[in-house]
Trainee: 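There's a structure below that I have some questions on.
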Amino acid sequence: MNIGSYFRLEGVLVAGAVSLYVQARNGALWEIGLLKNVGHFLQTNVIVEGIRTGAEAIAVNWIEACEPIRRTLIPPTM
């Protein structure tokens, strides 16, 4: 994805010293800046959408809590 493109990311919302971050499944920390009224989302799984502004930075347009995608550990039976 190129800088300036619309981007969607799922991960855990965490607070840093000067910004908020979304920690993706692969461990990458994506900076999302300071957002108002999202304190209740801290340490929960969220989806964020916005414009990619840097290597691992997003200008957020939308954020919402979500259930994490669960992987199937037991193969389906026939």
Side-chain angles (χ1 to χ4, degrees):
M1 290 284 212
N2 295 329
I3 293 175
S5 61
Y6 200 75
F7 195 72
R8 182 179 175 123
L9 176 67
E10 179 181 338
V12 177
L13 183 66
V14 294
V18 294
S19 187
L20 294 173
Y21 298 89
V22 174
Q23 184 170 17
R25 286 182 174 223
N26 65 0
L29 283 175
W30 287 79
E31 183 179 359
I32 62 170
L34 295 174
L35 303 174
K36 293 182 180 180
N37 302 322
V38 296
H40 59 288
F41 289 145
L42 286 174
Q43 299 300 320
T44 61
N45 209 56
V46 294
I47 296 175
V48 294
E49 290 184 358
I51 305 297
R52 188 168 181 180
T53 59
E56 290 183 345
I58 300 173
V60 175
N61 292 334
W62 177 81
I63 184 170
E64 184 173 300
C66 70
E67 290 293 322
I69 298 173
R70 304 203 188 278
R71 294 185 180 192
T72 305
L73 299 176
I74 302 171
T77 58
M78 293 189 178

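FYI, side chains are in, hydrogens and waters are out, and symmetry mates aren't considered; it's all heavy atoms of this structure.
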Trainee: Residues two or more places apart in sequence or in another chain: which of them pass side chain to side chain donor-acceptor pair (under 3.5 Å) with Thr53?
Mentor: none
Trainee: May I ask you to decide if Gly54's main-chain N or O and Arg52's side chain share a donor-acceptor pair within less than 3.5 Å?
Mentor: yes
Trainee: Return yes if some donor-acceptor pair links the side-chain N/O of Ser5 with the main-chain N/O of Asn2 below 3.5 Å, else return no.
Mentor: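 At least one qualifying donor-acceptor pair exists.
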Trainee: Can you name the closest pair of heavy atoms from Leu35 and Leu20 and give their distance?
Mentor: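 Closest approach of Leu35 to Leu20, heavy atoms only: N-CD1, 3.9 Å.
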Trainee: Between CG of Leu9 and CD1 of Ile47, what distance do you get to the nearest 0.5 Å?
Mentor: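 CD1 of Ile47 is found 9.5 Å from CG of Leu9.
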Trainee: Of all the heavy-atom pairs spanning Leu29 and Gln23, show the shortest one and how long it is.
Mentor: CD2-CB, 3.6 Å
Trainee: Do Asn45 and Glu10 pass the side chain to side chain contact (heavy atoms under 4.5 Å, CB included) test, and can you show the C-alpha distance, the side-chain angles, and the key distance before you say yes or no?
Mentor: CA-CA 7 Å; Asn45 209 56; Glu10 179 181 338; 2.8 Å; yes
Trainee: Taking only residues two or more places apart in sequence, or in another chain, which ones meet Asn37 in a side chain to side chain contact (heavy atoms under 4.5 Å, CB included)?
Mentor: none
Trainee: Does anything in residues 12-34 form a ring-ring contact (aromatic ring centres under 6.0 Å, His included)? List the pairs, not counting sequence neighbours.
Mentor: Phe7-Trp30
Trainee: On a heavy-atom basis, which atom in Gln43 and which in Val14 lie closest, and how many Å separate them?
Mentor: NE2-CG1, 3.6 Å
Trainee: Can you name the nearest heavy-atom pair linking Leu13 to Val38, along with the distance?
Mentor: CD2-O, 3.9 Å
Trainee: Does any pair with a residue in residues 35-49 pass salt bridge (Lys or Arg N to Asp or Glu O under 4.0 Å), and if so which ones, sequence neighbours excluded?
Mentor: Arg8-Glu49
Trainee: Under a single-linkage definition using a 4.5 Å side-chain heavy-atom cutoff for Ile, Leu, Val, Met, Phe, Trp and Tyr, are Ile32 and Phe41 assigned to the same hydrophobic cluster?
Mentor: yes
